[in-house]
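Remember, it's 1-based here, ligands and their atoms both numbered in the order they're listed.
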Amino acid sequence: MKSYDAVVAGGGLIGASIALELASEGLRVAVFDVQEPGREASWASAGMISPAPENSAMASLLPISMASVRLYPAFIQRVEETSGKSVGYRKDGALDLLLDGTGQSEIDEILALHRGAGLRAEALSGPEARELEPALTAELRAAIHRPDEASLDNRLLTHATLEAARRKGVEIFPGNGAKALWAATGTCKGLHLQNSRVEAKWTVIAAGCFSARIEGVAGYAPVTPAKGQMMALRCEAVNLKKDLWSGHMYLVPRNDGRIIAGATVEYEGFDRNVTVAGMKKILTGAISLVPALESARIEETWAGLRPDSPDHLPILGPTNMEGLLIATGHFRSGILLTPVTARLVGEWITTQKVSEDWAPFSPMRFQTARHSRGA
Ligand SMILES: Cc1cc2nc3c(=O)[nH]c(=O)nc-3n(C[C@H](O)[C@H](O)[C@H](O)COP(=O)(O)OP(=O)(O)OC[C@H]3O[C@@H](n4cnc5c(N)ncnc54)[C@H](O)[C@@H]3O)c2cc1C
């Protein structure tokens, strides 16, 4: 039986970045995945690094979101240098487009939320926003400009992080997923795999929306899949610089000239089908923001499954089982939260201290809820 300092269940961006962090600290690390790693949510994502809170209910995410934004440049440098691969990072800012009758008081509220979080944001009129992005619709009434926002190519980043982890000595086992926790008297001794067991001092569950399927994990990480349909467009007549937001619709330009358009949020179990209704919604939204996209070619369509949690917040940290940590439930912010997740899990495993307060995201919050309901 193989034995490591740490084993990670799941080779998406979260699992890969944790493995890279731990191997960089000198630990012997292995990653186990049911399939070829990096082909789930981390592949399907839009790649925006956007800490802006969508509403005040998500404000508790802000401190770790801002910490992650600060860690991002060094994280990318480490991944690119170690892997020898570029991740398509661009920091050209974002525009939150207000097409309907958004009033001045709502704009003031959005600005206050942003500025309170330490994010630069300014209100623009429609014509001012079109000076920054000439392809925008003439219907645009107002916009919020967030000049510091960034995005990257999440497929390149996931691939490069896995490669960097390998080069740091991480052993990666595709097609050998975790079936169950290997639990013995309050301690997690490792994982039961498809055909064997693996032993480790530390076990990290980072299997995205599939985490709750690993026997023994659901009480700590009751995650469910939230499907997002997406498409990639190419249009010579449109040269976007900034990420464009409008409600839940967005357009994200890539360095290779593609424009990623998304996304739906659907609770359909583990279904990954692309539907006519989903594509219609995205295309209607895209054309309403940038009318010239009517002549765009559709290069690709896909759907991915976000790991959502009951309170839509991530699930991060140690559990009441010694040696067991959870790192999942990142829902719509897993790319944003990758560097801080890797850093905090790495700090805990090497020093049992963390530099950010992760108590609000504890995996134990669901156990408390179950006990207080008498379940
Ligand atoms: C359409 C869409 C758009 C998004 N846009 C953004 C965005 O712009 N910005 C942002 O920050 N976030 C975004 N997200 C969210 C982000 O992509 C996710 O939160 C993040 O990728 C989750 O990463 P992960 O590694 O936890 O999960 P995943 O990438 O899903 O990886 C989980 C891994 O676990 C493996 N696995 C499954 N079962 C097992 C098992 N039993 N044992 C071992 N391994 C197993 C899987 O094969 C997979 O490789 C988006 C997501 C989607 C779907």
Side-chain angles (χ1 to χ4, degrees), residues 7-19 30-52 61 65 68-69 72 94 149-155 157-158 161-162 172-181 191-194 198 203-217 221 223 225-231 243 245 248 250-252 260-266 270 272 274 278 282 301-309 312 314-316 326-342:
V7 288
V8 182
L13 184 56
I14 296 294
S17 61
I18 291 170
V31 174
F32 294 88
D33 200 299
V34 271
Q35 57 174 335
E36 195 54 47
R39 294 288 304 172
E40 293 290 348
S42 305
W43 173 88
S45 180
M48 286 176 286
I49 305 171
S50 174
L61 256 190
S65 299
S68 213
V69 167
Y72 239 112
E149 288 211 353
S151 64
L152 44 71
D153 186 325
N154 42 285
R155 294 180 185 179
L157 177 67
T158 305
T161 306
L162 284 161
I172 299 179
F173 297 93
N176 198 5
K179 275 200 323 199
L181 298 178
L191 292 168
H192 291 281
L193 302 168
Q194 267 148 269
V198 62
T203 299
V204 183
I205 302 300
C209 70
F210 310 92
S211 299
R213 288 174 153 185
I214 301 171
E215 205 184 306
V217 172
V223 279
K227 172 167 132 179
Q229 300 190 44
M230 302 270 280
M231 64 173 73
D243 300 343
W245 280 89
H248 278 332
Y250 48 72
L251 295 168
V252 184
I260 308 302
T264 61
V265 182
E266 304 163 68
F270 289 89
R272 277 191 210 78
V274 170
I282 295 169
T301 61
W302 67 92
L305 302 174
R306 309 171 183 91
D308 195 10
S309 70
H312 309 300
I315 307 172
L316 300 177
I326 309 289
T328 188
H330 294 80
F331 191 32
R332 306 183 74 196
S333 307
I335 308 300
L336 164 70
L337 295 173
T338 288
V340 77
T341 299

Student: Does A41, backbone or side chain, put an N or O under 3.5 Å from an N or O of ligand 1?
Tutor: yes
Student: Are any of the N/O atoms in C209 less than 3.5 Å from those in ligand 1?
Tutor: no
Student: Specify side chain, backbone, both or neither for P307, according to which of its non-hydrogen atoms lie closer than 4.0 Å to ligand 1.
Tutor: side chain
Student: Between A327 and ligand 1, does any nitrogen or oxygen pair lie at a separation below 3.5 Å?
Tutor: no
Student: Closer than 3.5 angstrom, by distance alone: can the side chain of T264 be matched with the main-chain N or O of Q229 as a donor-acceptor pair?
Tutor: yes
Student: Using only atom types and a distance under 3.5 Å, with no angle test, would you say the side chain of D33 pairs donor to acceptor with the backbone of G11?
Tutor: yes
Student: Do W302 side-chain atoms and A44 backbone N/O form a donor-acceptor pair below 3.5 Å?
Tutor: yes
Student: Can a non-hydrogen atom of G262 be found less than 4.0 Å from any atom of ligand 1?
Tutor: no
Student: Enumerate the atoms of ligand 1 whose separation from the nearest heavy atom of Q35 is less than 4.0 angstrom.
Tutor: 46 (C), 47 (O)
Student: Note the single closest protein heavy atom to atom 50 (C) of ligand 1, along with its residue, its atom name and the distance in Å.
Tutor: S45 OG, 3.4 Å
Student: For atom 8 (O) of ligand 1, which protein heavy atom lies nearest, and how many Å away is it?
Tutor: M48 N, 2.9 Å
Student: Which bit of W43 is near ligand 1, meaning a heavy atom under 4.0 Å away: side chain, backbone, both or neither?
Tutor: neither
Student: Using a 4.0 Å heavy-atom cut-off, which part of V252 comes near ligand 1: side chain, backbone, both, or neither?
Tutor: neither
Student: Tell me: protein heavy atom nearest atom 36 (N) of ligand 1, and distance?
Tutor: V34 CG2, 3.6 Å
Student: Please check whether L13 reaches ligand 1 - meaning an N/O of the residue sits under 3.5 Å from an N/O of the ligand, judged on distance alone.
Tutor: yes
Student: Give me the nearest non-hydrogen protein atom to atom 47 (O) of ligand 1 as residue plus atom name, then the distance to 0.1 Å.
Tutor: D33 OD1, 2.6 Å
Student: I need the nearest protein heavy-atom contact for atom 43 (C) of ligand 1: residue, atom name and distance, please.
Tutor: F32 O, 3.2 Å
Student: When you look at CD of E215, are more than 12 heavy atoms from neighbouring residues, nucleotides or ligands closer to it than 6.0 Å?
Tutor: no
Student: Has ligand 1 got any nitrogen or oxygen that is less than 3.5 angstrom from a nitrogen or oxygen of G334?
Tutor: yes
Student: Any idea which atoms of ligand 1 are less than 4.0 Å away from a heavy-atom of L336?
Tutor: 10 (C), 11 (O)
Student: Hey, does V31 have a side-chain heavy atom less than 4.5 Å from the side chain of P37?
Tutor: no
Student: For atom 19 (O) of ligand 1, which protein heavy atom lies nearest, and how many Å away is it?
Tutor: F331 O, 2.9 Å
Student: For M230, take its heavy atoms, then give the atoms of ligand 1 lying under 4.0 Å from any of them.
Tutor: 1 (C)
Student: Is it possible for you to check whether R272 lies under 6.0 Å from the centre of the six-membered ring of W43, through NZ or CZ, and within 45° of that ring's axis?
Tutor: no
Student: Quick one: pull up NE2 in H312 and NE2 in H330 and give me the separation to the nearest 0.5 Å.
Tutor: 16.0 Å
Student: Does R213 have a heavy atom less than 4.0 Å from any atom of ligand 1?
Tutor: no
Student: Tell me if a side-chain donor or acceptor on S45 pairs with a main-chain N or O of A41 at a distance below 3.5 Å.
Tutor: no
Student: Within a strict 4.5 Å, meaning less than it, do heavy atoms of the M231 and V274 side chains meet?
Tutor: no
Student: Within the structure, does G228 bring an N/O atom to less than 3.5 angstrom of an N/O atom in ligand 1?
Tutor: no
Student: Atom OG1 of T341 and atom CG of L316: how far apart are they, to the nearest 0.5 Å?
Tutor: 5.0 Å
Student: May I ask you to check if ligand 1 and I14 share an N or O to N or O distance below 3.5 Å?
Tutor: yes
Student: Quick check on contacts: which atoms of ligand 1 are under 4.0 angstrom from a heavy atom of G47?
Tutor: 7 (C), 8 (O)
Student: Using distance alone, determine whether T328 and ligand 1 share an N or O pair under 3.5 Å.
Tutor: no
Student: Does I214 reach the side chain of H192, with side-chain heavy atoms less than 4.5 Å apart?
Tutor: no
Student: I want to check something: taking the side chain as every heavy atom from C-beta on, are L13 and N154 in contact at a cut-off of under 4.5 Å?
Tutor: no
Student: Would you mind running through ligand 1 and noting each atom that sits below 4.0 Å from a heavy atom of I214?
Tutor: 41 (N)
Student: Relative to the heavy atoms of G38, which atoms of ligand 1 are at a distance of less than 4.0 Å?
Tutor: 49 (O)
Student: Return the closest protein heavy atom for atom 27 (O) of ligand 1 as residue, atom name and distance.
Tutor: G208 CA, 3.6 Å
Student: Are any of the N/O atoms on P37, whether in the backbone or the side chain, positioned under 3.5 angstrom from an N/O atom of ligand 1?
Tutor: no
Student: Quick one, I205 and L181 - any side-chain contact, counting heavy atoms below 4.5 Å?
Tutor: yes
Student: Can you confirm whether Y72 sits close enough to T338 that some side-chain heavy atom of one is under 4.5 Å from a side-chain heavy atom of the other?
Tutor: yes
Student: Distance check, rounded to the nearest 0.5 Å: M230 atom CE versus I282 atom CD1?
Tutor: 7.5 Å
Student: Taking the minimum heavy-atom distance to atom 42 (N) of ligand 1, which of A178, A207, S42 ranks first?
Tutor: A178
Student: As a check for students: among K179, R272, R306, identify the option with a heavy atom nearest to atom 52 (C) of ligand 1.
Tutor: R306
Student: Run down the list G12, G329, A9 and name the one with the heavy atom closest to atom 33 (C) of ligand 1.
Tutor: G12
Student: How long is the straight-line distance from OG of S151 back to OH of Y250, given to the nearest 0.5 Å?
Tutor: 11.5 Å
Student: Taking N or O atoms only and a 3.5 Å limit, does Q229 qualify as a polar contact for ligand 1?
Tutor: no
Student: Just which atoms of ligand 1 are under 4.0 Å from any heavy atom in G304?
Tutor: 53 (C)
Student: Find out whether V198 and F173 are in side-chain contact, i.e. whether some heavy atom of one side chain is under 4.5 Å from a heavy atom of the other.
Tutor: no
Student: In the structure I gave you, are the side-chain heavy atoms of P314 and S309 within less than 4.5 Å of one another anywhere?
Tutor: no
Student: Please write down residue, atom name and distance for the protein heavy atom closest to atom 12 (N) of ligand 1.
Tutor: R332 O, 2.9 Å
Student: How many angstroms lie between CD1 in I172 and CG in L162, if you round to the nearest 0.5 Å?
Tutor: 5.0 Å
Student: Could you tell me the separation between the CD1 atom of I326 and the CD1 atom of I14, rounded to the nearest 0.5 Å?
Tutor: 13.5 Å
Student: Atoms of ligand 1 less than 4.0 Å from F210 heavy atoms?
Tutor: 37 (C), 38 (N)
Student: Under a heavy-atom criterion of less than 4.0 Å, does Y250 contact ligand 1?
Tutor: yes
